[in-house]
Amino acid sequence: MPGFEVFGAEEKQHVLEVLDTGVLFRYEFGGQRNNVYKVREFEQAFARYTGAGHAQAVTSGTAALKVALSALGIGLDDEVITQGFTFVATWEAILDVGAIPVFTEIDTTLNMDPADLEKKITPKTKAIIVVHMLGAQARIREIKAIADAHNLPLIEDTAQAAGGRLDGQHLGTFGTCGTFSFDSVKTMTTGEGGMCITSDEQLWQRMSEYQDHGHDHAVNPGGRGGEGRSFVGFNYRMMELQGAIGLGQLAKLDGMIAAQKANKALLKEAAAAIPGVSFREILDEEGDSATFFAFMLPDRARAQAVNQVLRDNGAGAINWGENSWHFYPSWEHLLGEKTLCANGWPFTAGGKRRFHYDRQALPASAAIMDRTLCYQVPVKPAPADQAALLAALAKAAKL
Ligand SMILES: *Cc1c(COP(=O)(O)O)cnc(C)c1O
């Protein structure tokens with residue numbers, strides 16, 4: 001959760017350049033901005049870094065998902081398949097375009113199980129959102145092959161895995177498009193912010209127009225009011241200050257990942273001595289962004305006993321089975337169909353229920369989550385904290 005650990009002179013310099021012009025808006029103000037276009041520069045740098053042809057900056061990772069779904073033409077009553085272990089944002093974006101989230105099991109990659117994905121595809125399926133959770137790769141090649149076989153667009157929610165790769169290729173560039181988050185706890189951060197990347201220029205063009213009220217950014221006689229609009233959009237524009245911070249952070253991303261890898265290796269070495277331990281399946285260690293370290297015990301009871309020792313020693317791990325934000329059975333507002341909308345939308349329409357979720361629907365995922373423990377990997381851990389954590393793991397190894 002590292003981006004803020006390394007703020008420094010670079011971010012400040014970029015931000016000051018923006019404040020010196022007084023222009024916080026990413027478009028227009030040609031006479032005043034002294035050729036400072038931080039958001040545009042950030043998009044170009046991010047596209048270059050990932051190897052994607054095009055990048056579109058937006059206000060958040062959640063907005064990035066919604067912009068991607070909208071640009072792909074997803075809407076009312078379409079089914080979009082994602083995994084039952086993710087941040088709530090993934091399915092919030094699906095609901096927000098009027099579509100219906102369908103959840104798959106995860107496997108020991110802690111990401112989408114391709115076999116279960118096959119089973120969940122129906123004639124109503126219109127897109128797949130695979131998530132690279134906890135910094136590391138989903139089985140993206142298998143999943144892309146399934147998407148292609150069914151002629152379905154594939155979005156990679158790469159919010160937690162910026163800078164992650166598989167066999168040297170950046171995560172987010174395997175599917176139709178990739179989305180990223182730069183919120184305040186992500187590997188690189190702009191406070192709030194997000195990005196969509198794609199190699200499909202037409203798709204990028206639709207994203208660009210949608211996130212700015214439909215403006216086509218082509219000819220603009222008399223300013224923005226003179227631009228064309230070919231469809232209705234919304235406002236998900238990133239502001240210049242965020243673009244400025246993003247440029248500073250992106251330049252540091254590979255360095256942050258290298259530091260995380262070194263810190264993660266220490267944790268893994270210490271945890272390896274715990275009897276019965278196994279590790280999350282990482283498809284390519286080299287391409288792991290190492291933002292998290294996840295390990296498994298043979299069963300739930302054993303995982304809880306180990307975590308009790310870790311807690312007693314001041315270093316409790318995250319047990320995703322208990323965590324209320326990232327795993328399906330704990331999404332009580334979704335499962336309980338809680339909404340602000342007086343007419344029941346999105347759970348009901350015209351008085352009829354549109355979908356319903358069974359809390360027990362993902363037993364294979366629950367079995368994995370219950371026995372998985374996890375730590376966030378810092379970039380620059382305080383030496384005392386690091387030592388305490390390693391000592392706690394050593395205690396657990398004697399259990
Ligand atoms: C953080 C996150 C998001 C949403 O990003 P925001 O910028 O916070 O809106 C989406 N998906 C996943 C997997 C995330 O972790």
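Numbers for residues simply follow the sequence, beginning at 1. Start at 1 and go down the list; that is how both ligands and their atoms are numbered.
Taking the centre of each ring, His215 and Tyr27 stay at or above the 6.0 Å mark. Ring-centre distance between Tyr375 and Phe292: not below the 6.0 Å cut-off. Ring pair Trp91/Trp331: centre-to-centre distance below 6.0 Å.
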May I have the N/O to N/O pairs between ligand 1 and the protein that fall below 3.5 Å, each with atom names and distance to one decimal?
from	atom 1	to	atom 2	distance (Å)
ligand 1	5 (O)	Ser181	OG	3.1
ligand 1	7 (O)	Gly61	N	2.7
ligand 1	7 (O)	Ser181	OG	2.6
ligand 1	8 (O)	Asp183	OD2	2.6
ligand 1	9 (O)	Gly61	N	3.4
ligand 1	9 (O)	Thr62	N	2.9
ligand 1	9 (O)	Thr62	OG1	2.4
ligand 1	11 (N)	Asp157	OD1	3.3
ligand 1	11 (N)	Asp157	OD2	2.8
ligand 1	15 (O)	Gln160	NE2	2.8
ligand 1	15 (O)	Lys186	NZ	3.2

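The ring pair (Phe, Tyr, Trp, His ring centres under 6.0 Å) check on Phe327 picks up nothing, with sequence neighbours excluded.
Each of His132, Gln137, Gln169 was evaluated against Phe174; a single residue qualifies, Gln169, per the side chain to side chain contact (heavy atoms under 4.5 Å, CB included) test. Exactly one of Arg26, Arg224, Gln56 qualifies for a side-chain hydrogen bond (donor to acceptor under 3.5 Å, both in side chains) with Asp212. That residue is Arg224.
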